[in-house]
Amino acid sequence: MKGKTILETRADGVAIITINNPPLNLLSSHVMLSLKENTEQALQRDDVKAIVITGSKGKFSGGFDVTAFGNKGKHGKLGFFSVDFITDILEAARKPFVAAIDGPALGGGLEIALACHARISTSSAALGLPELRYGILPGFGGTQRLPRLVGLRKALEMILKSEFVNGDDALAMGLVDATSSADELVTVACHWAKDILAQRRPRAVSLYRTDRLEPLPEAKMMLEHARVKSKRQSPNLKHPLVCIDVIEDGLIRGPRAALWKESEALSELRQSDTCRSLVYYFFARQRTSKVPGITDMGLTPRKVNTFAVVGGGIMGSSIVTALIVSNYRVILKETDEKALQAGIERVKVNLQDLVKKGKLAEAKLDKIHSLCQGVLHYEGFREADIVIEAVSENIYLKQRVFVELESYCSPHCILASSSSMINLNLISERKELQDRIVGTHFFGQAHLLSIMEIVRTEKTSPQAIVDLLAIGKKMEKIPIVVHNSTGFAMNRMFFPYTQAAMALVEHGVDLYRIDRAAEAFGMTMGPFRMIDFVGFEVLIAMKFQFSKNFGERFDKSKLISVIHEDKKAGETTMKGFYIYDRESKFIPNPDSKTYVNKAKSASSFGVDYELMKLSDEEIVEMILFPVVNAACCLIEEKVVVKASDLDVASVMGLGFPEYRGGIIYWADTIGPKHIHLKLEQWSETYGAFFKPCAYLAERASRRTSLGQAKSRL
Ligand SMILES: C[C@H](O)CC(=O)SCCNC(=O)CCNC(=O)[C@H](O)C(C)(C)COP(=O)(O)OP(=O)(O)OC[C@H]1O[C@@H](n2cnc3c(N)ncnc32)[C@H](O)[C@@H]1OP(=O)(O)O
């Protein structure tokens with residue numbers, strides 16, 4: 001990736017410097033060098049009185065090219081760019097600089113704009129400093145200039161959450177000085193620059209503004225609060241704390257001194273393991289929508305307006321919610337009036353929940369809810385472009401629904417099942433339907449989680465997959481395209497996570513200690529919290545399918561049989577391994593001892609004093625190496641096309657820590673040999689559940705990595 005900037009001079013004395021590195025005008029070293037050269041040239045020329053910086057083709061700049069992070073040596077002089085160029089040449093120039101922003105102005109891109117003397121943007125521009133996503137901090141002055149432009153409170157929010165704002169919001173908070181249409185953008189920016197030149201508008205230097213900063217004692221309290229929150233939310237991460245320290249340093253020692261501290265911190269953080277893992281993960285996520293043999297066929301997604309959903313239970317109503325929020329019209333079918341009203345009510349509650357979480361504007365609630373229409377007898381199904389079956393996980397019921405769908409839907413309608421584990425080939429054997437049958441598995445609550453498995457059989461048409469990828473994008477879901485198999489990819493990894501933990505409990509390890517160890521490692525939820533989240537019923541259904549399809553390996557746990565007696569339990573009923581209140585706060589459930597004692601006495605395992613002595617790290621290995629093994633089986637069976645898809649699925653579905661790169665990436669940092677050895681030992685002592693698969697064995701013996709897809713680092 002090379003790229004450059006282009007300098008043009010206009011008759012009125014304004015020079016336009018355009019960043020040109022398509023498609024996103026990223027800041028490669030060539031672009032930065034060229035920007036510096038063109039800026040110096042514009043400053044030296046007598047015919048140039050003011051300068052506008054913009055990006056080509058409606059994109060200001062997507063920021064620094066992150067492929068360079070994680071590598072030692074490359075881009076070694078970023079600090080000089082930040083201080084010597086951005087601060088001492090660009091911002092210090094007597095000739096005014098104005099940024100004309102359309103499209104993304106992110107990371108280093110926004111930081112260049114922050115150093116200009118004014119910023120004009122379109123309403124739809126996306127502005128943000130998402131550096132923390134990559135384990136680094138804003139390194140071109142963003143830690144100093146953003147708080148001085150928008151106040152510390154808002155700046156901390158944007159930086160720590162890697163939040164983007166649009167042009168209108170940026171104007172409201174003082175991040176930009178005016179908005180304009182895209183057509184007029186550069187003209188408005190040129191006028192603004194001339195106004196500064198004529199002293200009709202101020203030549204504002206962001207680095208030394210203080211009018212928006214909160215008083216120091218208040219600022220210190222905010223920073224302390226941010227530290228506490230960051231330590232609580234991500235105790236294993238250092239870079240958010242480094243970033244907070246650098247911001248504070250600027251408030252105490254002054255912004256210029258802090259710029260050097262910022263660039264030193266950047267140099268160090270960009271070579272960290274966290275940065276390497278997060279950059280890897282960024283590209284792994286980007287790659288999920290590229291499916292070899294499908295997305296390279298030149299197919300265009302068909303227009304989809306209307307969905308139909310069969311079943312308004314928890315999953316069905318959640319899918320309806322996710323669809324209507326994305327502006328699709330949805331017909332919801334239930335079997336009787338009572339069930340239908342309950343389904344529609346659930347959709348309403350889900351929408352209100354989104355409002356409460358700040359993810360949906362209250363004013364839009366009624367309009368969005370009106371996109372859902374309830375029916376009892378497949379009325380309107382012929383107009384549907386896609387039907388999603390969301391009835392309970394009962395193969396016979398699903399088969400019956402698909403027979404009915406064939407007669408009520410148009411011959412082009414995609415027929416999707418939301419099953420989380422049932423083999424799609426069993427759902428319908430009708431040849432006429434085969435190329436239209438696909439799985440759409442939303443892990444957990446479809447309107448809350450951002451991942452979607454798209455399941456294809458041997459016969460599913462590439463067009464149906466391309467259509468679903470486009471729908472997933474509109475719904476802002478990360479798609480994982482998988483081949484049909486019991487449990488697909490996510491549940492194939494989730495189930496062993498719970499099984500290993502249950503085996504440990506039956507051997508005498510404390511249930512809550514296992515959750516604590518997993519969470520300290522970075523899992524969003526320990527295995528028992530996770531079981532509560534998905535609900536006991538789902539786990540029981542999963543055990544049934546897994547035992548049937550994978551045999552004895554998955555048939556050992558007695559704890560599942562015990563909880564079967566209480567199968568409605570879980571977070572939705574406010575009682576599972578934990579007890580929940582209405583705010584979803586939870587405490588251990590004293591009754592879970594009863595489950596555990598019953599399971600122990602029914603179990604063939606017996607208390608194992610060696611296992612009871614395990615350290616937290618060893619507990620984590622014992623519950624996560626089986627997940628690595630399951631992921632290896634998925635690669636071996638070609639359920640996924642790229643190992644990196646499992647990294648993304650593990651993070652987004654299983655809550656594996658993103659900063660460890662995902663399950664396969666993490667396993668490669670430990671080494672397949674060690675994992676294989678441990679699993680072999682455990683399988684000898686504790687049974688076939690731990691038996692490593694052939695793929696893992698082969699990689700271990702050849703000492704090669706498990707991930708086939710190479711990172712772009
Ligand atoms: C020193 C500084 O403080 C440090 C920094 O600047 S850190 C960098 C900050 N910038 C970012 O985080 C931007 C990340 N990118 C994005 O969020 C999105 O790409 C976007 C919103 C800008 C655009 O989205 P969209 O138009 O859908 O384009 P998208 O498909 O994502 O990207 C196009 C290509 O650019 C790549 N790309 C995007 N941002 C990149 C980046 N910062 N570095 C390297 N490659 C990048 C994508 O991987 C993709 O590659 P591909 O064509 O090979 O798949």
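As the structure lists them, so they are numbered: ligands from 1, and atoms in each ligand from 1.
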Asks: Check the angle between the aromatic planes of Tyr134 and Phe282 and answer parallel, tilted or perpendicular using the 30° and 60° thresholds.
Replies: perpendicular
Asks: Below 4.0 angstrom, N of the basic side chain to O of the carboxylate: do Lys261 and Glu264 qualify?
Replies: no
Asks: Within the structure, does Phe69 bring an N/O atom to less than 3.5 angstrom of an N/O atom in ligand 1?
Replies: no
Asks: Which atoms of ligand 1 have any heavy atom of Asp65 under 4.0 Å away?
Replies: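 Here the atoms of ligand 1 in question are 43 (N), 44 (C).
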Asks: Which pairs of donor and acceptor atoms, one on a side chain in residues 290-302, lie under 3.5 Å apart (sequence neighbours left out)?
Replies:
residue, atom, partner, partner atom, Å
Thr295, OG1, Val291, N, 2.8
Thr295, OG1, Val291, O, 3.1
Asp296, OD1, Gly293, N, 2.9
Asp296, OD1, Ile294, N, 3.3
Asp296, OD2, Gly293, N, 3.2
Arg302, NE, Asp467, OD2, 2.6
Arg302, NH2, Asp467, OD2, 2.6

Asks: At under 4.0 Å between heavy atoms, which part of Glu111 makes contact with ligand 1: side chain, backbone, both or neither?
Replies: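 It is the side chain that touches ligand 1; the backbone stays farther off.
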Asks: Examine the proximity of ligand 1 to Pro138 and report which part, side chain or backbone, both or neither, has a heavy atom under 4.0 Å away.
Replies: backbone
Asks: A cation-pi test, strictly: NZ or CZ of Lys477 under 6.0 Å from the centre of the six-membered ring of Phe442 and no more than 45 degrees from its axis. Yes or no?
Replies: no
Asks: Taking only non-hydrogen atoms of Lys59, do any sit less than 4.0 angstrom from ligand 1?
Replies: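 No, Lys59 has no heavy atoms under 4.0 Å from ligand 1.
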Asks: Ignoring hydrogens and angles, tell me if any N or O in the side chain of Gln144 forms a donor-acceptor pair with the backbone of Val246 under 3.5 Å.
Replies: yes
Asks: With backbone taken as N, CA, C and O and side chain as the heavy atoms from C-beta onward, which portion of Leu27 lies under 4.0 Å from ligand 1: side chain, backbone, both, or neither?
Replies: neither
Asks: Just which atoms of ligand 1 are under 4.0 Å from any heavy atom in Gln286?
Replies: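 Near Gln286, meaning under 4.0 Å from one of its heavy atoms, ligand 1 has 29 (P), 30 (O), 31 (O), 32 (O), 47 (C), 48 (O), 49 (C).
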Asks: Judged by atom type as modelled, is there a donor-acceptor pair below 3.5 Å linking the side chain of Asn25 to the main-chain atoms of Gly55?
Replies: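 Not at all, since once roles are kept as given, no pair shorter than 3.5 Å links the two residues.
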Asks: Using a plain distance cutoff, I'd like to know if Leu26 has any nitrogen or oxygen under 3.5 Å from a nitrogen or oxygen of ligand 1.
Replies: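 Not met; the criterion fails.
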Asks: What pairs of donor and acceptor atoms, side-chain ones from residues 120-129 against any protein atom, are under 3.5 angstrom apart with sequence neighbours left out?
Replies:
residue, atom, partner, partner atom, Å
Thr122, OG1, Asp102, OD1, 2.7
Thr122, OG1, Ala125, N, 3.2
Ser123, OG, Asp168, OD1, 3.0

Asks: Could you see which bit of Leu24 sits under 4.0 Å from ligand 1, with heavy atoms only: side chain, backbone, both or neither?
Replies: side chain
Asks: Provide the number and element of each atom of ligand 1 under 4.0 Å from a heavy atom of Gly63.
Replies: 6 (O)
Asks: Could you say whether the N/O atoms of Tyr134 and ligand 1 ever approach to under 3.5 Å?
Replies: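 Yes: some nitrogen or oxygen of Tyr134 is under 3.5 Å from one in ligand 1.
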Asks: With a cut-off of 4.0 Å, which atoms of ligand 1 are near a heavy atom of Gly107?
Replies: 6 (O), 9 (C)
Asks: Between NE2 of His239 and CD of Glu268, what distance do you get to the nearest 0.5 Å?
Replies: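 If we round to the nearest 0.5 Å, His239:NE2 and Glu268:CD are 13.5 Å apart.
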Asks: To the nearest 0.5 Å, tell me how far Leu213 CG sits from Asp211 CG.
Replies: 8.0 Å
Asks: Could you list which atoms of ligand 1 come closer than 4.0 Å to a heavy atom of Phe283?
Replies: 44 (C), 45 (N), 48 (O)
Asks: Suppose I only count heavy atoms of Lys290 and a 4.0 Å limit; which atoms of ligand 1 are within that range?
Replies: 51 (P), 52 (O), 53 (O), 54 (O)
Asks: Look at atom 13 (C) of ligand 1 and find which of Ala68, Gly62, Ala105 reaches it with the closest heavy atom.
Replies: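 Checking each option, the heavy atom nearest atom 13 (C) of ligand 1 is found in Gly62.
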Asks: Could you say whether the N/O atoms of Ile136 and ligand 1 ever approach to under 3.5 Å?
Replies: no
Asks: The test is side-chain contact (heavy atoms from CB on, under 4.5 Å); show your working for Leu27 and Phe140 and say whether it passes.
Replies: CA-CA 12 Å; Leu27 302 176; Phe140 289 167; 4.2 Å; yes
Asks: Only heavy atoms of Gly108, strictly under 4.0 Å: list the atoms of ligand 1 that pass.
Replies: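 Listed by number with element: 2 (C), 3 (O), 5 (C), 6 (O).
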Asks: For Glu476, does the CD atom sit with more than 12 other heavy atoms under 6.0 Å from it, leaving out its own atoms?
Replies: no
